[in-house]
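Reminder, nothing fancy here: chain letters follow the sequence lines and each chain counts from 1.
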There are 2 protein chains.
Amino acid sequence: MATGRPTHTADRGRPANRGRGIPEATVARLPLYLRALTALSERSVPTVSSEELASAAGVNSAKLRKDFSYLGSYGTRGVGYDVEYLVYQISRELGLTQDWPVVIVGIGNLGHALANYGGFASRGFRVAALLDADPAVVGTSAAGLPVRHMDELEDIVEDEQVSIGVITTPPGAAQQVCDRLVAAGVTSILNFAPTVLSVPDGVDVRKVDLSIELQILAFHEQRKAGEEAEQALAAPAAAKAAASSGPSSEPVVPAAADRPARTAAKLRRAAASGTDGDLPAVMPA
Amino acid sequence: MATGRPTHTADRGRPANRGRGIPEATVARLPLYLRALTALSERSVPTVSSEELASAAGVNSAKLRKDFSYLGSYGTRGVGYDVEYLVYQISRELGLTQDWPVVIVGIGNLGHALANYGGFASRGFRVAALLDADPAVVGTSAAGLPVRHMDELEDIVEDEQVSIGVITTPPGAAQQVCDRLVAAGVTSILNFAPTVLSVPDGVDVRKVDLSIELQILAFHEQRKAGEEAEQALAAPAAAKAAASSGPSSEPVVPAAADRPARTAAKLRRAAASGTDGDLPAVMPA
DNA sequence: TAGATTGTTAATCGATTAACAATC
DNA sequence: TAGATTGTTAATCGATTAACAATC
């Protein structure tokens with residue numbers, strides 16, 4: 001495959017960088033832009049600048065323009081982007097102009113929640129079937145659809161041409177369900193079970209993992225606590241230094257000082273944790 | 001802040017690269033390693049090599065060793081890593097050795113699912129309260145906890161020293177709920193509503209968005225369809241060429257050929273979509 | 001034309017990877 | 001010691017960002 005990038009031409013509708021082109025990071029942001037554009041479209045806003053749209057999508061405008069440059073030249077200098085046209089182009093790029101039947105396997109709390117999720121149907125995705133292995137659940141209904149038995153998985157995938165499967169089973173069942181989905185012909189899997197799935201080449205897996213997200217937040221939260229503890233310790237000395245060096249417009253203790261309750265909680269945590277170099281409470285056996 | 005990296009020392013328990021150190025990409029993988037290590041620990045496996053652990057976590061071993069090098073030198077050359085010790089070190093690094101009270105706001109299907117999520121409690125996270133604005137929901141219970149009214153939010157955050165909030169409200173309510181959480185002292189938010197939240201500096205937001213994940217899968221799925229269509233078109237010619245160039249051990253049409261049903265579905269989709277340069281069905285007004 | 005805004009460049013930053021010296 | 005495996009280096013790759021020429 002050629003690695004040379006084609007020279008850019010500004011003709012509409014002929015993307016500059018098709019083929020192996022669009023970076024993953026850009027693909028991951030296209031849905032954000034699309035959502036912001038859809039909101040503008042509903043308000044009948046005809047055009048939008050990169051600055052406005054970037055702000056609505058929560059990114060900076062340089063990144064947005066770079067992202068769009070991978071799709072082609074869909075803007076007008078001095079004016080901005082045509083909202084409707086961009087909605088269409090991004091939808092097409094993401095494959096949302098076609099119908100994507102999806103099966104959801106595992107109809108517990110989470111499966112129910114997903115079946116009822118509104119944003120599902122709105123963007124080309126259609127719940128083709130809900131499946132569960134539990135006879136007590138099979139035959140009930142969720143979001144107006146009957147829950148069918150796992151035995152029907154292969155037939156449904158074939159009959160409905162399903163290429164996307166959503167796994168919301170308990171972790172122990174996830175790999176087995178994944179294997180059956182893949183064997184039946186599914187090539188994209190969205191996995192909500194906290195398990196690493198192994199799949200053959202050509203099958204995409206994305207995972208959504210509540211526990212991981214919380215742990216990442218906890219990491220940063222702990223770090224904030226540590227920083228505020230340091231600031232609090234440094235504050236008296238700094239205040240003294242500031243007092244002796246005459247009037248200053250800069251506050252001595254920023255941000256943290258005006259949120260006493262929060263800081264108190266964090267100091268307590270910082271003291272309780274091993275953040276500041278305590279000996280580990282557990283050592284290797 | 002000093003940018004010079006301290007020289008690495010191999011003493012246990014004194015991480016080489018603390019402070020502004022650990023890259024985000026590494027932080028995001030620590031929970032994966034921890035999960036794999038916990039499983040090994042439950043099986044009483046005493047030590048594990050980077051190769052084995054990487055495989056269990058679904059990454060490559062070079063990446064894993066690089067990741068661990070940011071934490072310190074916790075392995076033993078020629079032997080591997082002590083499972084229990086590493087569980088402790090990663091837990092501590094992530095802040096999981098302390099208690100993290102969490103509030104969940106919005107007790108619909110998804111809120112219920114999260115309240116019942118087992119992985120929640122197991123790793124230092126504790127559901128401090130379930131909150132909802134709907135009087136019909138307030139007073140019911142989920143996962144053994146009563147659903148309380150939004151009015152109690154501020155008191156609960158203060159009393160229970162909550163620093164992490166989970167938003168599972170409809171999108172229209174998310175920003176407002178977020179503002180209240182932040183005003184009450186919450187500094188980390190996990191957002192399941194499909195909305196861009198704006199928060200002041202010092203507050204972390206992570207989002208989980210089903211719709212975005214599906215759209216990313218659809219993008220790749222569409223691309224697969226396009227590629228298989230190209231292969232199918234190229235196949236007859238390639239087969240002819242191969243036939244005339246004598247015996248060969250390489251298959252002419254790889255992968256796609258042995259999954260006829262799937263390929264048929266994709267060819268249909270490729271034909272239906274604008275992938276191959278059809279004129280757009282929608283043009284700007 | 002003058003003002004506005006895109007699309008592109010180039011510099012910078014951060015993440016990944018393979019290879020291997022250090023060392024258990 | 002010989003074999004195994006870590007921790008680190010350095011090369012490479014991909015993503016971000018600011019700046020600005022192109023141009024509407």
*So what does A:Tyr81 touch, heavy atoms closer than 4.0 Å: a base, only the sugar-phosphate, or nothing?*
sugar-phosphate
*asked:* Please classify the nucleic acid contact of B:Glu51 as base, sugar-phosphate, or nothing, using heavy-atom distances under 4.0 Å.
replied: nothing
With rounding to the nearest 0.5 Å, note down the distance linking [atom1] in [X] to [atom2] in [Y].
X: B:Ser163; Y: A:Gln222; atom1: OG; atom2: CD; answer: 11.0 Å
X: A:Thr38; Y: A:Leu86; atom1: OG1; atom2: CG; answer: 10.0 Å
X: A:Trp100; Y: B:Leu214; atom1: CH2; atom2: CG; answer: 11.0 Å
X: B:Leu190; Y: A:Glu213; atom1: CG; atom2: CD; answer: 6.0 Å
X: B:Lys66; Y: B:Ser69; atom1: NZ; atom2: OG; answer: 4.5 Å

*Distance check: side-chain N/O of A:Ser49 vs OP1/OP2 of C:dT5, anything under 4.0 Å?*
no
*Got more than 12 heavy atoms from elsewhere within 6.0 Å of CD, B:Glu51?*
no
*asked:* Each nucleotide in nucleotides 18-24 of chain D should get exactly one letter: B, S or -. Can you fill that in based on protein heavy atoms under 4.0 Å?
replied: BB--BBB
For atom [atom1] of [X] and atom [atom2] of [N], their distance in whole Å:
X: B:Glu52; N: D:dT5; atom1: CD; atom2: P; result: 8 Å
X: B:Tyr70; N: D:dT9; atom1: OH; atom2: C1'; result: 12 Å
X: B:Phe68; N: C:dT17; atom1: CZ; atom2: C1'; result: 17 Å
X: B:Lys63; N: D:dC13; atom1: NZ; atom2: P; result: 16 Å
X: A:Asp67; N: D:dA15; atom1: CG; atom2: P; result: 10 Å
X: A:Gln89; N: C:dG7; atom1: CD; atom2: P; result: 12 Å
X: A:Glu24; N: D:dG14; atom1: CD; atom2: C1'; result: 11 Å
X: B:Arg29; N: C:dA15; atom1: CZ; atom2: P; result: 8 Å

*B:Ser211 and B:Gln215: side chain donor to acceptor below 3.5 Å*: yes
*Are A:Asp204 and B:Arg223 ion-paired here, with the side-chain N under 4.0 Å from a carboxylate O?*
no
_Passing candidate, ring pair (Phe, Tyr, Trp, His ring centres under 6.0 Å) with A:Tyr81, options A:Phe68, A:Tyr74, A:Tyr33_ = A:Phe68
*Between which residue ranges does DNA chain C form stems of three or more consecutive Watson-Crick or G-U wobble pairs, both distances under 3.5 Å?*
C:3-24 with D:3-24
